Amino acid sequence: MSKSPQQVDLQAPRDIRHLAPVKVTLLGAAGEVTGSCYLVETFSARILIDCGMFQGSRKIERLNHIPRLLAVQDIDAVVLTHAHLDHSGRLPLLVKSGYRGPIFATDGTIDIAKLILEDAAKIQCQDAEHETRIRKRAGLSKAEPLFTPRDVERVCAQMRSIQYDSWHDVADGITVKLVEAGHILGSSSVLLRVTDKDLSQTIVFSGDLGAWGSPIVRDPACIDTADTVFIESTYGDRDHRPLDETVAEFEELITTAVERKGKILIPTFAVGRTQQILYHLAAMFREHKVKRFPIYLDSPMAIAATQLYTKHQELMDEEAVSLHSSGQLKSDLTSVIPCPTADQSRALNTVTGPCIILAGAGMCNAGRILHHLRHNLSKPETVVMIVGYQTRGSFGRFLVDGATSAKIFGETVPVRAKICTLGGFSAHAGQTDLLRWLSPMAKSNPRVIITHGEEHQRHQLAYKIRELYDINAEMPKMFETLSL
Ligand SMILES: [Zn+2]
């Protein structure tokens, strides 16, 4: 029979005399995966860990504001685990509401967050303009973007870089240490030490964790001990397909498509996935598995993100560092052609295969990939390679689900291209790696709180944690406050 959290407290009483009093409120990513934001309050300070955007349905996106309970003028600091929008996307709203304090993050996160937030602001403004045109016809007032490039500039000006693996004072009585999370370049888990007189406690926030053995990024760092652990559970219920099997399938698909001289369209997630795809292609050329052919990088954001990866070689794993510093990767990838302008993108309509076009958006909902799909979906030699998650309702999902024709920019196009999905590329740890990350800390019998996952994923991870470590993990609701 399973034990309730209360029973566990009775069986293994925690010595609260050694713990400084702390309250943590979940302002997002509780029972779902977006909107990450924790408010940490002590007697003398209030800080936020992440300030992410809610993404998905219109209903969930309505939560994209700064909650009233958050008195912005009383926030002393923000600590950002990594740059993804679901962790950073409400920062512009925070500064818009008057926050003028520091936003601490690693160098890599600061650079990538700037790129991601600038892009998001541009999309917000475009969407607002579009909405305004519709509203105008109905005699309604102008639509306002959630935030603008100006708000993002403010956020960037408030960013403060901190090094991995050393303690930094961020507010009165609060020090933090960022350690590698292995998720994207610059990503970190946060160790937060709260000291109040002679009492102290360590709270760990996993951030988004990557998988062990992922290419380019380093493996997640192991943390030895904690009083409380907040752990993500995006894939708390399952493991991914092994990476080597996915890479083998990727190579086979590429080889076949090249033989058929088709265009290979890869909808791109600009940060992380693009660089990983280029990395695997480089290996194929180096090992002569396929003859070199043109790879068009048709996304200004992916081009910029790839440059940032090259800039931050100090954050890469050993293999990637060696390939970069020896110049090997550069010589493997001489056939990569960046296409920053719209004219260069349009010119790709007339090029012949074999070639790869990497273009945004990752779920085919917008962006240059739609033009390439319109031109090439009707050709049987085309391959559309889906390398990232396609949410329900997205155009990418519609193709994956076997659409026979598609309407793009008002034109109906028959789908004769081969649509293939490679499910094993993921920037997130699967269940086994989440448990592996928790394992050293479990020995110190911490309070474990599962967040950043849907209910099923959270429950499955909780079940495993109880089975392996005899710890009853908690699954708080959104806006719940926990006393630690
Ligand atoms: Zn992330």
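The figures that follow rest on heavy atoms only: side chains count, while hydrogens, waters and symmetry mates do not. Values in this document were obtained by computation on a predicted structure and should not be read as measured data. Both ligands and their constituent atoms are indexed starting at 1 by order of listing.
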Audit row: His87, His452, ring pair (Phe, Tyr, Trp, His ring centres under 6.0 Å) steps and yes/no: CA-CA 11 Å; His87 292 254; His452 200 288; 5.2 Å; yes
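Protein atoms that are N, O or S and lie under 2.8 Å from the Zn ion (ligand 1) are these: His82 NE2, His84 ND1, His183 NE2, Asp208 OD2.
Formation of a donor-acceptor pair under 3.5 Å by the Thr274 side chain with backbone atoms of Phe269 is found in this model. The closest donor-acceptor contact from the side chain of Glu474 to the backbone of Pro476 lies at 3.5 Å or more, if one exists at all. Looking only at distances, a side-chain donor or acceptor of Ser326 sits under 3.5 Å from a matching main-chain atom of Ser322.
Closest approach of Thr421 and Glu249 over heavy atoms only: O-OE2, 4.3 Å.
Contacts classified as salt bridge (Lys or Arg N to Asp or Glu O under 4.0 Å) and involving residues 104-124 (residues at least two apart or in different chains) are given here: Asp111-Lys311, Lys114-Glu118.
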